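Before any comments, here is the structure.
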Amino acid sequence: MKKVIVVDYGSQYSRLITRRIRENEVYAEVAFPDDEVDLSNVAAVVLSGGPRSVYEEGAPGFPRWLESFEGKVLAICYGMQLVVKEYGGEVIRGREEYGRTIVELSEDPIFEDIPKKVSVWMSHGDEVAKLPEGFHPIAVSETGVIAGATDGKKYWLLQFHPEVHHTEYGDKIISNFLFKVCGLERNWRIEDLVEEKVKQVKETIGEEKAIIALSGGVDSSVTAVLVHRAIGKRLVCVFVDHGLLRKNEREEVEEVFRAHFDMNLVVVDARKRFLEKLKGVTDPETKRKIIGEEFIRVFEEEARKHGVRFLVQGTIYSDVIESAASGKTTAKIKSHHNVGGLPEKMDLKLVEPVRDLFKDEVRRVGEYLGIPERILRRHPFPGPGLAVRILGEVTEEKLAILREADHIFVETLRKHGYYDKVWQAFAVLLPVRSVGVKGDSRVYEYVIALRAVNSVEGMTADWSRLPHELLDEAARRITREVKGVGRVVYDITSKPPATIEWE
Ligand code: XMP
């Protein structure tokens, strides 16, 4: 299968480019400028935009391996400027241009079946003053900036972003590049992909046994069902009930994976162990650390019992790119405990069948495998569970209260059709008591905070503008039905400066 490499120069849009290409049923993956790239199956390369200026000290450069590359290259924004500089053209600190601009397009395969004037999304400080020899402009903006150019052989350059929705015919430009310029074929379909992956897993694991920590979240569920399809009950699925789960969570997992899929599901009741360890602990990072370590211990015990040789993990593509990128750019805010980073010392071989898929692709694989919607559309839930949604010390009493309140909030969201419209929503228990009046008497009870956010993969988030009637109904039900709660508040902070979870 031929693939496209998208070189990420740090633009917030590089992943979007990868997605747009995959939506055209062509396989694409991200590389970083200084990666070694194996060109054997690479049919085309895209150089993304980036926040730097090509003349800035330390700005990422032109990939050397691209010189010997014989396919076609689409270079966007920063990518365009890199190519121009590399081949002897001139890039200057120009007029800054952000947002919508009208460009006039010339005749070229990349603009086939597109009107001559379109509105596009620009975001650049530098601009091309002179093209290298052999290049000619194919798009000019209304302000006179060279918005597109080509040498007609190897390079197609765009100053604007075809991958964002604000660019009219952006999808068409991308598909023209793939099919008209590069002559690629659509050959990356979910069903073929699943069958191929099942075959690979069979070959890798052979007659051995494998183990997976199944949380019931999208990634681990899809991975488990896929591997189950390959090796059946030789896949041991371990669900750890650490006592920090939401209402009915364990029962749902049992219902779907044991009853419906007939999988080898081991449910470990470790509630006592975890609560014991968490007694008196109030610091969020300490809680995470304790839960993470205890989880690994429980999991290791199970792995030993079953004599497994392989560890299956639901790592997905954004985890892979994020950890590659985070070494370089981002600071650590919270130590996210996931099953990721599990036991090197266990001496198990790692199998990560959906490592190259984006979340929405993982969902499509799940649909194809017949996994119910309520699992595939489930909001993200942190590994440490309700422990980071009870501020301060975790106790059974508080867990019981939070579980009920959270359940009511989620039910209300579903009833009003908002569950699928928000990215994540949940209740938080604040360890303070507030005065209220119930019936004729004064009460002094806990406060529940409701949180709902819209987000792109949790990196940033905006609080959801939920209808007042919905919030009203949730607050009434919670204060009426959950003993110990006297007040409900709604969190209206975005991320940043707040994080999505309260701890
Ligand atoms: P924050 O709170 O950092 O959350 O804005 C971003 C996303 O990550 C989830 N989250 C976690 N997930 N272990 C996890 O597996 C954790 O310790 C953890 N902390 C936060 C959070 O639910 C949100 O989706």
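Counting convention: from 1, in listed order, for ligands and their atoms alike. Predicted, not measured: the structure shown is a model, and the values here were computed from it.
The residues Arg451 and Glu503 are annotated as not salt-bridged, no charged nitrogen and carboxylate oxygen being separated by less than 4.0 angstrom. At a threshold of 4.0 Å, the pair Lys233-Asp262 counts as salt-bridged, since one of the basic side-chain nitrogens sits closer than that to a carboxylate oxygen.
Note on ring orientation: taking the six-membered ring where Trp is involved, the planes of Tyr317 and Phe358 are perpendicular (angle over 60°, cut-offs 30° and 60°).
Contacts of Pro384 with ligand 1, taken as heavy-atom pairs under 4.0 Å, involve the side chain alone.
Annotation for ligand 1: atoms under 4.0 Å from non-hydrogen atoms of Gly383 are 13 (N), 14 (C), 15 (O).
By the 3.5 Å distance cut-off applied to N or O atoms, Lys495 is counted among the residues near ligand 1. At a 3.5 angstrom cut-off on N or O pairs, Arg389 does not count as close to ligand 1. Looking at Ile500 next to ligand 1, an N or O pair under 3.5 Å apart turns up.
Contact analysis puts Trp423 in contact with ligand 1, with a non-hydrogen atom separation below 4.0 angstrom.
Checked against ring pair (Phe, Tyr, Trp, His ring centres under 6.0 Å), Tyr446 has no partners two or more places apart in sequence or in another chain. With sequence neighbours excluded, the residues satisfying salt bridge (charged side-chain N to carboxylate O under 4.0 Å, His left out) with Arg309 are Glu208.
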